[in-house]
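This report concerns only the one structure given below.
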Amino acid sequence: MLSNKDVAQVLDDIGDTLEIIGENLFRVRAHHRAAESVRTSTKDVNALARAGRLTELSGVGASLAERITELVDTGKMAYYDELKEQVSPRVLELMRVPGLGPRKAKLLFDELHVTTIDELLEAARAQRIRTLPGMSAKTEANIINGIELVRAGQGRMLLHEAYPLASRLVETLRAEAGVETADFAGSLRRMKETIGDIDIIAAAADPSAVTSKFIAGPGVARVLAAGDTKASILTPVGLQVDLRVVSPAEYGSALQYFTGSKDHNIRLRDLAKRQGLKISEYGIFDVKTGNRIGGATEHEIYAAMGLDYIDPELREDHGEIDAAAARTLPVVVTLDDVQGELHAHSNWSDGLNGVKEMAEAAREIGYEYLALTDHAEKLKIAGGMTRADIAARRRVIDEVNKEVAGITVLNGVELNIDNNGDVDYGPELLREFDIRLGAIHGGFAQPREKIMLRLRRAMENKYIQIIAHPTGRIIGKRNPYNVDIEALMDGAAATGTVLEVNAFPDRLDLKDDHAREARKRGVVLSLGTDSHMAAQLSFMMYGVAVGRRAWLEARDIINTRPLAEMLKMLK
DNA sequence: GCCGTTTTCGGCCCGACTGTTTTCAGTCG
């Protein structure tokens, strides 16, 4: 059975192939838009196809619906197969090299029979590329450079790796003489779960002074490009950082433009056009008079179009522009809204720190409560608590609660949902805990029916209040287990079970699209870091980021409530 | 190929840079 991701990949490949053979570019873009729509939908393509409801996905019309249906029904798409006859899928591989688009890739394939990046490098080194029309020795050098880049920057970086690095770079820039202000933009500002490169925008009267300082600064392993207003560098870990310096009057429009997303900007500019306005990275203009209406701040741009300000995390063309026009954007959750931690481990299972250290760290953050949810007995590999441990830890928690003022430590547990959907302890022991998470820790490869049986039984268990990391994915390492997301959400809503947004940086589970759909279905969510040491409590910001990207408001999340109210909301 | 509070046909975001080029195509974000 094909997943949404598989179908999206086919649509993207069709788009790229159409571009190579010189098809209408709007048709190309239509395929990429449809791919994105399928990829981010929580609705299963197979189910939509069966129900004849594929056109409910934005960007999927009658023609694509028919082809997608053929693909999921038969595992093949005649149209795609025909295209593959015309253009080898291997050409698409070449397009991953920066500087190589569809035209040049096709030329290299047709004329030099280059099919892999290795062969491309060989051809460039052998000076065979310069023999082609429109190509020169310079082109060869650029290709060799591009291949190095694609290899150095292989894969994207997790948000929490890029974020502190970018913050430091921005701090340094802001401290420079002549720099009025600076911010990072791009997918990092939108807080996407992974980051390709870091974009930084700065405002200064004398841009070239800023760029030259920047490329000479610390943490620069290599300078890729350096002009008066633009510079690109590589950090020692191979992360590319692009800096653009503009005048203060253009700062807002540059920041808005480089924050993206691309789709958001396309939709925004389309709307501007229909209002007789024009938006570029230099400002917002009246088309008739040519007058500049604004651009010093992002707020000016959105306001000029009659839109409410849109937070960067929402700028994905997922309906935010319509909502801003209708003044129905959500007031999304902030880190300040979070009143307590609901998922953390101490040294009573596989955590590093003791109860008191964890309590003090949580109080330092300003929380009202901290749930220590150590693993239970059956999860031996994580040092799960025996019955004796539970009693002993309870005494320590009571003591710390007396000793450390200003924070309440909750006696929690993370239960293991076994292969039958049962958990570690029986009712009499379960009743002793203040808060009980249930989670799957094994049997990841089981078929959907089996996984769903386990989750369903766990949600029906009246003692399990929260399902932790509901899909089990580890970004870049492990795929989610085979969860029927919609059945999970409907089960959670029906049983009053809370679904966690796990804030641990390589989990972020539920992910943004799923959390947004959960909210729509009336599911209550929680934020938990899954900390295994005190310092990791700060990961909450990444959970909040997922919540914001999911359009969650504070009221959708239980641990934005004071302790008594939060406990009352648990089943 | 998609889509409609200007449209069921005729549009579809905008600008910069690069390289090889005498007016522009390709690529990128």
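Residue numbering restarts at 1 for every chain, and letters A, B, ... go by the order of the sequence lines.
A side-chain donor from one of H264(A) and E320(A) sits under 3.5 Å from a side-chain acceptor of the other. Side-chain polar atoms of N142(A) and E140(A) form no donor-acceptor pair below 3.5 angstrom. H32(A) and D16(A) are linked by a side-chain donor-acceptor pair at a separation below 3.5 angstrom, with hydrogens and angles left out of the test.
Rounded to whole Å, the C1' atom of dG10(B) lies 26 Å from the corresponding atom of dG26(B). To the nearest whole angstrom, the two C1' atoms, one in dC9(B) and one in dC14(B), are 25 Å apart. dT18(B) and dT23(B) are spaced 15 Å apart, taking the C1' atom of each and rounding to whole Å. Spacing of P atoms, dG19(B) relative to dT7(B), comes out at 46 Å, to the nearest Å. Look at the P atom in both dC17(B) and dC12(B): the space between them is 24 Å, to the nearest Å. A gap of 24 Å separates the C1' atoms of dC13(B) and dT8(B), to the nearest Å.
Looking at heavy-atom distances under 4.0 Å, R130(A) makes no contact with the nucleic acid at all. Note on L268(A): nothing from the nucleic acid sits closer than 4.0 angstrom, heavy atoms only. Using a 4.0 Å heavy-atom cutoff across all strands shown, V28(A) reaches no nucleic acid atom at all. Nucleic acid contact for R267(A): none, since no nucleic acid atom lies under 4.0 Å from a heavy atom of the residue. L64(A) comes within contact range of the sugar-phosphate backbone alone, with a heavy-atom separation under 4.0 Å but no base atom that close. No contact: L25(A) has no heavy atom under 4.0 Å from any strand. Across all strands, Y282(A) comes closer than 4.0 Å only to sugar-phosphate atoms, never to a base (heavy-atom distances).
Residues R27(A) and P102(A) both approach DNA chain B. Their nearest nucleotides, taken by heavy-atom distance, put R27(A) toward the 5′ side. Mapped onto DNA chain B by nearest heavy atom, M95(A) and N142(A) fall at different nucleotides, with N142(A) at the one closer to the 5' end.
In this entry dT8(B) has no Watson-Crick or G-U wobble partner, no candidate having both defining distances under 3.5 Å.
Checking the phosphate oxygens (OP1, OP2) of dC14(B), a side-chain nitrogen or oxygen of K273(A) falls inside 4.0 Å.
Taking the ring centre of Y80(A) as origin, the terminal cationic atom of K76(A) falls outside the region bounded by 6.0 Å and 45° from the ring axis.
Checked against dG1(B), dC12(B), dC14(B), the side chain of R67(A) finds its nearest nucleotide in dG1(B). The side chain of R269(A) has dC13(B) as its nearest neighbour among dG15(B), dG29(B), dC13(B). If you check dC2(B), dC12(B), dG15(B) against the side chain of A30(A), the one that comes closest is dC2(B).
Between Y163(A) and F184(A), the ring center distance clears the sub-6.0 Å criterion.
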